[in-house]
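These notes concern the structure reproduced below.
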Amino acid sequence: MTIKKQPFGTTPDGDTATLWTIENTSGLSLGICDWGATIVSVKQPDKTGRLDEIILGFDDASRYISTEGYLGATCGRFANRIASGKFSLGGKKYQLNCNDGLNHLHGGEKGYNARTWEAAPYSEGNRSGVVFTLISPDGEENYPGEFKVSADYALDEQGRLFMDFKGVSNKPTIINITNHAYWNLAGAGSGSILNHLLKVHASGYLPVDETAIPTGEIHSVEGTAFDFRKVKPISREFDHCMVIDGENGVLRVAVEVQDPVSGRKLTLYTDRPGVQLYTGNFLQGTPFPKNSGFCLEPQDFPDAPNHPEFPPVVLQPGETYHHRSMIEFSNR
Ligand code: BGC
């Protein structure tokens, strides 16, 4: 494994950005920067050994504008949507900033995707990575409690990308951290991902209202377009949270995606209850038009603070939030 550090331009806040590139002996590489703890690059060999960029991203931090697509970013304090930005905790009402029409999305006006994180590279055994840390002040975007968060991104010799998010708060608060990478296994910029083959280990999904807020029900995928229990082409647009089979809190296989031409495949494992399947419906223009990448955002359920029937998302002082996800790359 090699790990390399280099300048990555200037952040939209005017600070100097840094990029770390980690590469294993098979040529698989991961590029991550301190602006937004963002995955800016993954290069993967295809079945013939040809390397291609499979992450939608840019070569300079200045291009990562805070609310434009969240390309590759670490999202928080609460990823995905909260209806009208409202929730109650300990008998108190909170009003978050609404940055997605009437709703709060991916942490608000200036989420964790738009902050410079502290970075500490490391190597242990056959795995190298970078631990990014951030202190999110009490009251930031109107969330209660100072939240100290870390995002550990690492690559190993077996072709696995580990994503570990942890945090502690000094007051009760709500947490949902994810990564928002867009993938195109045929190569970034090569066109639509709707022909990629998808398998989702989910018997249910969360139906949503017209502003993409879950209704609270869990629908069976049986007989619907959401049934990817057997592999089939993506074919149409999605922007929905899939309810992953198996036990919450336990790392288990969640989603498999393959590009039929190059043979490149990724398999996502997560310990979270859901994965937001998003087909880049709101991407536009060059270099990344609509549907030119797909996101698999492992996470707790959207708007969970307003749905007591969903798995809980409140973090108490003294507890540690810990989300583990992992992506395995292959090219058979
Ligand atoms: C959401 C989309 C949203 C996008 C923003 C996704 O996580 O599901 O609805 O437009 O993030 O890039």
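Positions are given from 1 along the sequence. Order of appearance sets the numbers: ligands from 1, and atoms from 1 within every ligand.
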Any nitrogen or oxygen of Q276 lying under 3.5 Å from a nitrogen or oxygen in ligand 1? Just yes or no. yes
Flag for D152-Y122: side-chain donor and acceptor within less than 3.5 Å: yes
Distance-only side-chain donor-acceptor flag, D245 / S203, under 3.5 Å: yes
Establish, for the pair [X] and [Y], whether the NZ or CZ atom is under 6.0 angstrom from the six-membered ring centre and no further than 45 degrees off its axis.
X    : Y    : answer
R236 : F238 : yes
R252 : Y269 : no
K230 : F228 : no

Does Y182 have a non-hydrogen atom less than 4.0 Å from ligand 1? yes
Hey, does A212 sit under 4.0 Å from ligand 1 if you only count heavy atoms? no
Could you tell me which atoms of ligand 1, counted from 1 in the order shown, lie closer than 4.0 angstrom to a heavy atom of G69? 12 (O)
Which of the numbered atoms in ligand 1 are below 4.0 angstrom from a heavy atom of H106? 6 (C), 7 (O), 11 (O)
With a 4.0 Å cut-off, would you call R332 and D46 a salt bridge? no
Tell me whether the centres of the aromatic rings in Y64 and F58 are closer together than 6.0 Å. yes
For Y70, give me all partners under ring-ring contact (aromatic ring centres under 6.0 Å, His included), at least two apart in sequence or on another chain. H106, H180
Nearest-contact summary for [atom] - protein heavy atom, Å:
atom                    : answer
atom 3 (C) of ligand 1  : R81 NH2, 3.8 Å
atom 10 (O) of ligand 1 : F282 CD1, 3.0 Å
atom 7 (O) of ligand 1  : E297 OE1, 2.7 Å
atom 2 (C) of ligand 1  : D239 OD2, 3.2 Å
atom 5 (C) of ligand 1  : Y70 CD1, 3.8 Å
atom 6 (C) of ligand 1  : H180 NE2, 3.3 Å

